[in-house]
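To start, the structure itself, in structure tokens.
Letters go in sequence order (proteins before strands), and every chain restarts at 1. Everything numeric in this text was worked out from a predicted model, so none of it was measured.
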2 protein chains.
Amino acid sequence: MARPRSAAADCAILDATRAALVELGWSKLTMGDVAARAGVAKTTLYRRWTGKSALVVDAVAVLFDELELPDRGSLHADVEGVVLSFAALLARPETSTSLMAVVAESTRDAALRDRLRCAVVDRQKRLVLDGRARAQARGELPPDSDPASAARQTDLVFDLIAGAVVHRALVSGEPVDEAWAAGFATLLVAGLGAAHPPAPPPQPRTPPEPC
Amino acid sequence: MARPRSAAADCAILDATRAALVELGWSKLTMGDVAARAGVAKTTLYRRWTGKSALVVDAVAVLFDELELPDRGSLHADVEGVVLSFAALLARPETSTSLMAVVAESTRDAALRDRLRCAVVDRQKRLVLDGRARAQARGELPPDSDPASAARQTDLVFDLIAGAVVHRALVSGEPVDEAWAAGFATLLVAGLGAAHPPAPPPQPRTPPEPC
DNA sequence: GTGTTACGCTACGAGTCGTAGCGAAACGCT
DNA sequence: AGCGTTTCGCTACGACTCGTAGCGTAACAC
């Protein structure tokens, strides 16, 4: 019933944030700088976001939506594909720097952690769900025995893939190339194939823990 | 041939850094605060470290040395053990926050990246090397075919374990408990057992790439 | 048109940064 | 003991960023 917030300004601010991240990195990025690049007042930024972390989460979240999982004909090939495209995404300076910095901040800020999870993490689990369903349709993986264990394994595979790629690229600092992706996929596919058929033997207690 | 730097001051500074990290976290940690806690002048800090990141790397590096790999009788149990002790280390507020923040900074600072690698990353590969040698002695894993592929697989396993645990704990934000560790170990051991015996089939090109 | 709201602008106190300059104290060496 | 060298504590400094407040103006819905 009055003037609405400018969607164009939102877009300009997020673009400016990404551009500033590429040039300056996380630590030298300032709110005033982003405001100047976007052609808005600094106060406008603080009217919409609580601080640098929240702004960067929104600016970077959309980049993760470009990840896709084309059907490459086998589970092994699908894993290779997602590893390489995730690595390509992490190779861009604005994603790697800001993702790690936001994760660091989120260890002390519950609101930021929730925002990060629903804007980035949970949305990418679809890739694992897709790949898993596809492999089951091909007969490469057995169908779900029960929903709880299916969810558990989906989470496990997600943390495995994303964690390993991030660690290789950003912590170990070595390239995620085709050779590495092939070795990783071989290991993962073999593990899934061998570990699944019998119900996982040594898992004594597992509270349902629905999300 | 003159006054040496006080080792006691070094120790007091690093202790103060860890204490400040616990209380304040990474973003609110200031050099002046650390200096005050340690009972030293701020200039002394800048005489020994270039900035906050370098200081925190040194302060946190020693915490990772507490990781050990007692022989639990099987590869599966050894993996479970290292996963849980690494998770316990990451549960401490000073490690999780600062590790991620330093990794974020290191994506833009080559000197910091080197420092991080040799102070933290490379020193922990010993755990994988130990566990691997032990499993080979037990006959759970085949002996090394050639040194290059052995090194490649060591790196892969290292990134897999460390990456998955970090991702689960800090990004997904879910607990690394015994059930998860058991599921992870089952998958990893199965993958290693199945993928290894025949030379990895779909690895077309693999430049030697010695480190 | 009119009312409501977002926006741009300026200014502000508080806090941090990293450095410079100084005198004093601590240590190795002879 | 005496000397030379280096570290250390202290103070002060300009530059910068932060996050907020206040105000007048412009844009939009009704």
Length of the line joining [X]:[atom1] and [N]:[atom2], which is rounded to integer Å:
{"X": "B:L24", "N": "C:dG15", "atom1": "CG", "atom2": "C1'", "answer": "14 Å"}
{"X": "B:R48", "N": "D:dG9", "atom1": "CZ", "atom2": "P", "answer": "8 Å"}
{"X": "B:D33", "N": "C:dA14", "atom1": "CG", "atom2": "P", "answer": "19 Å"}
{"X": "A:K28", "N": "C:dC17", "atom1": "NZ", "atom2": "P", "answer": "14 Å"}
{"X": "A:R47", "N": "D:dT20", "atom1": "CZ", "atom2": "C1'", "answer": "11 Å"}
{"X": "B:M31", "N": "C:dT16", "atom1": "CE", "atom2": "P", "answer": "13 Å"}
{"X": "A:L29", "N": "D:dC16", "atom1": "CG", "atom2": "C1'", "answer": "15 Å"}
{"X": "A:Y46", "N": "C:dC7", "atom1": "OH", "atom2": "P", "answer": "16 Å"}

Output the single nucleotide from D:dC8, C:dG8, C:dC17 whose closest atom is nearest the side chain of B:T30.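 The answer is C:dC17.
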Can you identify which nucleotide, out of D:dT17, C:dT19, C:dC7, has its nearest atom closest to the A:R5 side chain?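 Side chain of A:R5 sits closest to C:dC7.
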Side-chain donor-acceptor pair present, A:Q153, A:D144, cut-off under 3.5 Å: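 No - no donor-acceptor pair under 3.5 Å links their side chains.
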Would you tell me if any nitrogen or oxygen in the side chain of A:T44 comes within less than 4.0 Å of OP1 or OP2 on C:dG8?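 So the side-chain polar atoms of A:T44 do come within 4.0 Å of the phosphate oxygens OP1 or OP2 of C:dG8, strictly under.
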Between B:D33 and B:K28, does at least one N-O distance fall below 4.0 Å, as a salt bridge requires?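 Salt bridge: no.
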Review item, nucleotides 24-30 of chain C N/O atoms under 3.5 Å of protein N/O:
unit_1, atom_1, unit_2, atom_2, d
C:dA25, N3, B:R3, NH1, 3.3

Are the side chains of [Y] and [X] in contact, using a 4.5 Å heavy-atom criterion?
{"X": "B:I13", "Y": "B:W49", "value": "yes"}
{"X": "A:E174", "Y": "B:R117", "value": "yes"}
{"X": "A:V83", "Y": "A:W180", "value": "yes"}

Under 3.5 Å, is there an N or O donor on one side and an acceptor on the other linking the side chain of B:T43 and the base of D:dC10?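 Check passes, donor-acceptor contact within cut-off.
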Answer with yes or no whether A:K42 presents, from its side chain, a donor or acceptor under 3.5 Å of a partner atom in the base of C:dG8.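 No pair found.
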Go through B:Q124 and B:R126 one step at a time and tell me if the side chain to side chain donor-acceptor pair (under 3.5 Å) criterion holds. CA-CA 5 Å; B:Q124 303 313 322; B:R126 61 186 166 85; 3.1 Å; yes
Quick one: salt bridge (charged side-chain N to carboxylate O under 4.0 Å, His left out) partners of A:D146, sequence neighbours excluded?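 Partners of A:D146 by the salt bridge (charged side-chain N to carboxylate O under 4.0 Å, His left out) criterion come out as none, since no residue qualifies.
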